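Because the structure is predicted, anything quoted here is derived from the model rather than measured.
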Amino acid sequence: MAADDVDPGLPIKLHPCSNGEYLPPPVSPLVREVARRTRERAASNARAVGMSRRQFLLSSMGAATMLTVLAACSKQAEEGEPGGTFVTSPEAERDPDAARDALGGDDFVFDVQGHFLDYSHDYGGPVPAFPQSNCGSADPKECYSVERFLDLIFNKSDTNMIVLSALPFAGNPLSPEVMARTIALADEVCGDERVLMQGEAHPSDGPLDVALAAMADLRDRYGIGAWKVYTHAGGPGWYLDDHDPRAAQVGERFLSQVATLGPPIVAVHKGFSSGSPYASPVDVGPAALNHPELSFVVYHSGYEAEHTEGPYDADAPQGIDRLIASVRAAGIGPGGNVYAELGSTWKSVMGRPTEAAHVLGKLLVAFGEDNVVWGTDSIWYGSPQDQIQAFRAFQISEQFQEQFGYPALTPQIKAKILGLNSARLYGVEPITTRCRIDRGEIEQARQASTDGNQTFGPTTAAGALALMRAHRIATV
């Protein structure tokens, strides 16, 4: 089969995939229909512009085509106006300049949740059976190299800066040493400091004094940008505010250590709980109230894959509303010291425009346009470019704005979410230049890539459970 005939996958990746913290949901009838219509329309558009089908599906025109189809199918499926939609233009499907105008931009993009598994060094565990392992190399470990990660993030997407997020278990393939080597290579290649790292902390895993001392040692050895914790994994469960005497009583001492050591930023996983009560965001509000000197970045914003988000419900037993209720009960409003992060959450809802409108609308109302931050959980989902493109094109309907008080997604608000809010939070100057490849060449690089529109996380329940066991999130 000729290279131009190889199917690269659809440009907006709506098929099942997980970050290893939840079971990938089955393909919905809507997604099946969107995929069918996109392939038909892409074939026609490719012929019209004189491109191969593969080239077209790897182009911004392919992404614009799929988002147009998704908007139309969502409207038909709901038998009315969805709460959100994707706005491109008819010309964007066959005009590369119009497609770049619709889905591109010069916004600063700062991804505060990046995951990189470096199985290419001296990691002793087995290479997992993820799609990423099938990169064409004779040794699957080479599929996980630092160079490959940086290429997917910086050359195959519009991302300008990224925070490497620590994983919840010791001896993992994203150790501080690996993150430091990644940062050094990025600085060498790009000529500037566009990769930050988090310091991983495991306060409930073993003696607390040892864990706190390890934090101090880590802070002395590396220039970390924030602290990352999982309250439900990597040891006995615990809460940030120690409200449950049955849980490990480590939250207050951990937060006090963060305040002592710095930096004063805590990135905490909340949501995607796999049934664990400790991943509930119920503790975020009290902890933030008791520690106004700290900023709390709530990864996933409390979202649960099996829960459908609707209008705010203070009594909701699952989902984002729990986080909103927690901070409101603590008296923390928009612009406070709690930040809602979108990693895996936006990926999960961008194929369901009405739910996506509720997610973004509720977060903007509760936390304010200055406290919602961009993250993608990549590279579990491959290059994050499709997430960026879909976000740029997304709009909350006027009906939902009027009915629920959601704000319009103006270019200014989108620019804040995509990067400016995190730049302020992390105290960095936005880097808007490209790394190695300028914005005019990114399309050519994407079309020439052998990666296609791939995801790299587990796509089946069995694969997700295997990764959960490795992360000590699931034991069954």
Side-chain angles (χ1 to χ4, degrees), residues 18-24 112-117 123 125 128 130 163-176 178-179 197-208 210-212 214-215 218 226-244 246-251 253-255 258 266-284 287 296-306 318 322-323 341 343-345 348 375 377 380 457-458 461-476:
S18 170
N19 65 350
E21 294 168 342
Y22 63 96
L23 301 184
V112 299
Q113 188 178 179
H115 285 295
F116 163 46
L117 300 182
Y123 172 74
F130 297 157
V163 176
L164 292 178
S165 177
L167 296 173
F169 57 100
N172 67 71
L174 190 58
S175 66
V178 170
M179 288 194 278
M197 69 179 283
Q198 292 172 335
E200 58 181 302
H202 312 284
S204 71
D205 193 5
L208 178 56
V210 173
L212 298 179
M215 290 174 62
L218 186 65
W227 293 97
K228 173 66 183 294
V229 288
Y230 292 73
T231 54
H232 70 304
W238 57 287
Y239 291 103
L240 294 168
D241 64 347
D242 290 330
H243 73 270
D244 187 346
R246 297 166 297 181
Q249 299 294 291
V250 299
R253 289 192 62 187
F254 161 71
L255 294 176
V258 171
V266 175
V268 57
H269 172 113
K270 291 295 179 180
F272 291 117
S273 63
S274 301
S276 171
Y278 302 109
S280 166
V282 65
D283 54 344
V284 173
F296 293 80
V297 181
V298 184
Y299 275 11
H300 316 301
S301 298
Y303 180 81
E304 299 284 1
E306 65 273 14
Q318 283 192 321
R322 300 170 302 169
L323 174 62
E341 189 268 349
S344 281
T345 300
S348 296
D377 231 348
W380 292 116
L465 282 171
L467 189 57
M468 289 178 189
R469 294 187 190 104
H471 286 189
R472 287 193 280 173
I473 294 173
T475 57
V476 296

Open item on the list: I'd like to check the side-chain contact (heavy atoms from CB on, under 4.5 Å) partners of D241; sequence neighbours left out, ordered by chain and number.
Closed with: Y239, H243, D283, P286

Open item on the list: Using the side-chain hydrogen bond (donor to acceptor under 3.5 Å, both in side chains) criterion, which residues pair with T231? Sequence neighbours excluded.
Closed with: K270

Open item on the list: Show the nearest heavy-atom pair for residues A267 and Q198, with the distance to one decimal.
Closed with: CB-NE2, 3.4 Å

TODO: Of all the heavy-atom pairs spanning H300 and T345, show the shortest one and how long it is.
DONE: O-OG1, 2.8 Å

Task: E200 side, atom CD; M215 side, atom CE - distance, nearest 0.5 Å - done: 11.0 Å

TODO: Give a yes or no on whether the backbone of Y303 and the side-chain of S301 come within a donor-acceptor separation of less than 3.5 Å.
DONE: no

Open item on the list: Between S204 (side chain only) and P236 (backbone N and O only), is there a donor and an acceptor less than 3.5 Å apart?
Closed with: yes

TODO: Give a yes or no answer on whether the side chain of Q113 reaches the backbone of L164 with a donor-acceptor pair at less than 3.5 Å.
DONE: no

Open item on the list: I'd like to check the side-chain hydrogen bond (donor to acceptor under 3.5 Å, both in side chains) partners of Q318; sequence neighbours left out, ordered by chain and number.
Closed with: E306

TODO: Just jot down the salt bridge (charged side-chain N to carboxylate O under 4.0 Å, His left out) partners of E304, sequence neighbours excluded, or say none.
DONE: R322

Open item on the list: Just to verify, which of V298, D377, V112 counts as forming a side chain to side chain contact (heavy atoms under 4.5 Å, CB included) with E341?
Closed with: V112

Task: Residues that A305 engages under side-chain contact (heavy atoms from CB on, under 4.5 Å), provided they are two or more places apart - done: Y22, F272

Open item on the list: If I compare all heavy atoms of P281 with all of G302, which pair ends up nearest, and what's the gap?
Closed with: CG-CA, 4.3 Å

Open item on the list: If I compare all heavy atoms of H232 with all of S273, which pair ends up nearest, and what's the gap?
Closed with: CD2-O, 3.9 Å

- [ ] Assert yes or no for the condition that the ring centre distance of Y230 to H269 is strictly below 6.0 Å.
- [x] yes

Open item on the list: As an exercise, state the distance from CG of L212 to CZ of R253, rounded to the nearest 0.5 Å.
Closed with: 5.5 Å

Task: Point-to-point distance, once rounded to the nearest 0.5 Å, from CE of M197 to CG of L218 - done: 5.5 Å

TODO: Of all the heavy-atom pairs spanning P203 and V250, show the shortest one and how long it is.
DONE: O-CG1, 3.5 Å

Task: Results of ring-ring contact (aromatic ring centres under 6.0 Å, His included) for F254 - residues two or more places apart only - done: W238

- [ ] Over all heavy atoms of both residues, which pair between G251 and D242 is shortest? Give the atoms and the distance, please.
- [x] N-OD1, 2.9 Å

